[in-house]
Amino acid sequence: MVMSYIKLFIFALAPFLFSSVVGQTIDQGRGRVQLTVPQNYNEKNPTPLIVLLHGFRSNGSRQDSYLGFSDIANDNGFLFIAPTGSVNPRGETFWNATPACCDFFGSNVDDVGYIKELIDAIKLEYNVDANRVYLVGHSNGGFMSYQVAYNHPSIIAAVVSLAGASHDEVRPAPAGQVHTLQIHGTLDLTNRFFGGSHVGSAYPGAVETVTTWAGYNGCSLVAE
């Protein structure tokens, strides 16, 4: 009887205890991914969407616990999702972004397509502001963010890369402009600030990455 009253009490308080965000899931063929929906979401109002992409060997929930986006989604009124990449034969999670990072076993999995499909699926269910879809990537996730933006600039407003890098080869400019922010420590020994290589494939440094995207976006290299 006591346990029944406790359950009833918790049920009555649920709207207050768990009102910060509403949890939904999106599944585009790789399993369900938690979507954070702010409590004040109104289907009549276009709402920003942030997609967080984890680093090599990490996963979506661990990356979110590190950066805390789901904790602030409610106060800032944005939709949020943090998917997890594929698992290689060594049991390491990864995104297939560029030859340097991080499909080291040649699976050729289409992660650009998968992330776009997630965004498209969320747009079907929610009123997403098409002008405010953002990618935030850490390390391997930073590489991945740039590749999604390069291939689908019309659906990505901006990219934030934390210790990631863009592609190394020369490419024509993408079909549209995407705002970018590169955050990189000069003492990073994994993805080096001045560039380097993984498994024999080169990646550009932070300055080269920023310069490349400034060129794509028609930006001056002189700070104003």
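Just so it is clear, the values below take in all heavy atoms, side chains as well, and ignore hydrogens, waters and symmetry mates.
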Exercise. Quick one: are His184 and Asn191 in side-chain contact, heavy atoms under 4.5 Å?
Worked result: yes
Problem set entry | Any side-chain heavy-atom pair of Leu181 and Val159 under 4.5 Å | no
Exercise. Are side-chain heavy atoms of Tyr134 and Phe78 found at a separation under 4.5 Å?
Worked result: no
Exercise. Does Arg30 pair with Asp111 as a salt bridge, N-O distance under 4.0 Å?
Worked result: yes
Exercise. Quick one: OH on Tyr203 to OG1 on Thr209, what's the gap to the nearest 0.5 Å?
Worked result: 10.0 Å
Problem set entry | Sequence-distant partners of Tyr114, side chain to side chain donor-acceptor pair (under 3.5 Å), two or more places apart | none
Exercise. Under the 3.5 angstrom rule, does the side chain of Gln28 hit a backbone N or O of Ala121 as a donor-acceptor pair?
Worked result: no
Exercise. Val133 and Leu67: same hydrophobic cluster, using ILVMFWY side-chain contacts below 4.5 Å?
Worked result: no
Exercise. Side-chain contact, heavy-atom cut-off 4.5 Å: Ser161 with Thr180?
Worked result: no
Exercise. Roughly how far apart are Arg132 CZ and Ile156 CD1, rounded to 0.5 Å?
Worked result: 14.5 Å
Exercise. Under 3.5 Å, side chain of Asn96 to main-chain N/O of Asp103, donor-acceptor pair present?
Worked result: no
Exercise. Is there a path of hydrophobic side-chain contacts, each under 4.5 Å between heavy atoms of I, L, V, M, F, W or Y residues, that connects Leu79 with Leu52?
Worked result: no
Problem set entry | Heavy-atom check, side chain of Val148 versus side chain of Lys116, under 4.5 Å | no
For this session: State plainly whether one hydrophobic cluster holds both Leu53 and Phe56, where clusters connect Ile, Leu, Val, Met, Phe, Trp and Tyr through side-chain heavy atoms under 4.5 angstrom apart.
Result: no
Problem set entry | N/O donor-acceptor pair under 3.5 Å between His54 side chain and Thr84 backbone | no
Exercise. In chain order, what residues pass the ring-ring contact (aromatic ring centres under 6.0 Å, His included) check against Phe94, with sequence neighbours excluded?
Worked result: none
Exercise. Are there more than 12 heavy atoms of other residues, nucleotides or ligands under 6.0 Å from atom CD of Glu43?
Worked result: no
Problem set entry | Check: Asp188 side chain, Phe193 main-chain N or O, donor-acceptor pair, under 3.5 Å | no
Problem set entry | Test item: Asp168 and Glu208 side chains (from C-beta on) under 4.5 Å apart, heavy atoms | yes
For this session: Taking atom types as modelled, find out whether Gln182 and Tyr146 have a side-chain donor-acceptor pair closer than 3.5 angstrom.
Result: yes
Problem set entry | Ser70 side chain to Asp64 side chain, donor-acceptor N/O pair below 3.5 angstrom | yes
Exercise. With hydrophobic residues grouped by side-chain heavy-atom distances under 4.5 Å, do Met144 and Phe69 end up in a single group?
Worked result: no
Problem set entry | Side chain to side chain, Val51 and Pro83, heavy atoms closer than 4.5 Å | yes
For this session: Please tell me if the side chains of Thr98 and Gln147 come closer than 4.5 Å, counting only heavy atoms from C-beta onward.
Result: yes
For this session: Return the orientation label for the Tyr150 and His167 ring planes: parallel under 30°, perpendicular over 60°, tilted otherwise.
Result: perpendicular
Problem set entry | Side-chain donor/acceptor of Asn217 to backbone N/O of Trp213, under 3.5 Å | yes
Exercise. Parallel, tilted or perpendicular for His138 and Tyr66, by the 30°/60° rule?
Worked result: tilted
Exercise. Listed by chain and number, what are the salt bridge (charged side-chain N to carboxylate O under 4.0 Å, His left out) partners of Asp110, not counting sequence neighbours?
Worked result: none
For this session: To the nearest 0.5 angstrom, please state how far the CD1 atom of Ile72 sits from the CG atom of Asn74.
Result: 11.0 Å
Exercise. Same cluster for Ile50 and Ile26 if Ile/Leu/Val/Met/Phe/Trp/Tyr side chains link at under 4.5 Å?
Worked result: no
